[in-house]
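To start, the structure under review is shown below, and the notes come after it.
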There are 2 protein chains.
Amino acid sequence: MRAFPIDAKAVASLDRLLHEPARLSIVACLAVVDEADFVFLQAQTGMTGGNLSSHVKKLEQAGYITTSKEFQGSKPRTSFALTDEGREAFTGYLTSMRSLLGVLDGHASK
Amino acid sequence: MRAFPIDAKAVASLDRLLHEPARLSIVACLAVVDEADFVFLQAQTGMTGGNLSSHVKKLEQAGYITTSKEFQGSKPRTSFALTDEGREAFTGYLTSMRSLLGVLDGHASK
DNA sequence: TTGCATAGTTTGCGACACAAACCTATTGGT
DNA sequence: ACCAATAGGTTTGTGTCGCAAACTATGCAA
């Protein structure tokens with residue numbers, strides 16, 4: 001007897017912090033560019049400043065990203081980067097998602 | 001100049017109803033077996049009855065699944081199945097997720 | 001100095017996920 | 001027949017969360 005193909009526990013254990021689309025976008029951006037500032041992320045994601053602010057705060061509190069406020073001349077610039085932990089969590093998330101999708105091949109469309 | 005690879009709008013427009021892991025598990029199960037009853041889904045997903053009940057209600061209200069209560073002898077049995085609309089939404093979700101994952105190949109792990 | 005723009009944070013609110021409590025019906029024990 | 005216990009679901013309550021509006025602070029232009 002074949003095991004049931006959907007591993008619901010695996011789905012349920014997806015990292016909720018990364019599963020949120022807003023934060024997934026942020027982390028995906030940072031995975032690609034390695035460093036990005038607030039303004040860039042806001043433009044890329046189309047989020048309001050407040051929303052972006054609260055999400056990066058959560059990512060930082062989780063240890064997934066670092067925040068650095070530096071000055072360029074007289075202008076402050078807040079930039080973000082993935083930590084090793086963040087990248088690891090992200091790749092883990094992608095792996096879980098990939099395996100879920102893999103299992104569903106051929107089932108989703110009859 | 002290459003376009004930025006992450007399409008945050010696409011990520012943000014993921015169907016929130018399906019994006020929720022609990023409901024994703026339910027719909028994934030139904031995509032595989034075509035019909036399942038309450039008890040089976042509860043066992044598969046490991047959810048409490050209350051939680052499962054509220055999620056299937058939402059899926060039904062969205063038109064993604066149908067609920068049918070039949071009697072087997074004297075025992076009631078509530079079973080669920082994907083509607084065409086539900087299957088369509090599900091395949092759409094999978095397609096979006098796949099394209100996101102595709103874009104990230106080679107970026108996630110440096 | 002006054003007004004506007006940029007950069008970001010805090011506050012408030014509506015929606016949501018989850019489990020506990022509840023409801024109803026059936027089965028088993030005596 | 002009666003009571004307890006179990007099974008199948010639903011409703012209620014609560015803490016959390018995502019989001020945008022409002023606010024703060026700084027810089028620049030006239």
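Remember, predicted model here, so these are calculated numbers, not experimental data. The figures that follow rest on heavy atoms only: side chains count, while hydrogens, waters and symmetry mates do not. Within every chain, numbering begins at 1; the chains are lettered A, B, ... in the order of the sequence lines, protein sequences first and strands thereafter.
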From C-beta outward on A/Thr48, which listed nucleotide comes closest to its side chain: D/dG8, D/dA20, C/dC18? D/dA20

State whether A/Arg23 places a side-chain N or O below 4.0 Å from either non-bridging phosphate oxygen (OP1 or OP2) of D/dC17. no

Nearest-nucleotide 5' precedence on DNA chain D, B/Gly49 against A/Gly50: B/Gly49

Among C/dC18, C/dA17, C/dG8, find the nucleotide with the atom closest to the side chain of B/Ala22. C/dC18

I want to verify a distance call: between D/dT10, C/dC18, C/dT9, whose nearest atom is closest to the B/Glu20 side chain? C/dC18

Please report the distance, rounded to the nearest Å, between CG in A/Leu41 and P in C/dA7. 13 Å

B/His19 NE2 to C/dA15 C1': how many Å, rounded? 16 Å

Candidate pair A/Val33 and A/Gln44, rule side chain to side chain contact (heavy atoms under 4.5 Å, CB included), full reasoning: CA-CA 12 Å; A/Val33 301; A/Gln44 269 303 312; over 6 Å; no

When the distance from CE of A/Met47 to P of C/dA7 is rounded to whole Å, what number comes out? 16 Å

With a 4.5 Å limit on heavy-atom distance, are the side chains of A/His55 and A/Glu20 in contact? yes

Between CD of A/Gln61 and P of C/dT10 the distance, given in whole Å, is 10 Å

Under a 3.5 Å threshold, yes or no: a donor from one side chain and an acceptor from the other, between A/Asp15 and A/His19? no

Measure the distance from NZ on B/Lys58 to P on C/dA15 and round it to the nearest whole Å. 11 Å

Here the distance between atom C1' of D/dC17 and atom CG of A/Leu18, to the nearest Å, is 16 Å

Both A/Ser79 and A/Arg16 contact DNA chain C. Which one's nearest nucleotide lies toward the 5' end? A/Ser79

Selected nucleotide, minimal atom distance to B/Lys69 side chain, candidates D/dG9, C/dG8, D/dA20: D/dG9

Check every strand shown and say whether B/Gln42 touches a base, only sugar-phosphate, or nothing at a heavy-atom separation below 4.0 Å. nothing

Less than 4.0 angstrom between a side-chain N/O of B/Thr78 and OP1 or OP2 of D/dG9, yes or no? yes

Out of C/dA17, D/dT10, D/dC19, which nucleotide sits closest to the side chain of A/Asn51? D/dC19

Residue whose nearest DNA chain C nucleotide is more 5′ - A/Lys57 or B/His55: A/Lys57

Would you say the rings of B/Phe40 and A/Phe4 are close, in the sense that their centroids are separated by under 6.0 Å? yes

Heavy-atom side-chain contact between B/Phe90 and A/Leu104 under 4.5 Å: yes

In whole angstrom, give the distance that lies between atom CG of B/Leu52 and atom P of C/dC16. 18 Å

Between D/dG8 atom P and B/Arg77 atom CZ, what is the distance in whole Å? 11 Å

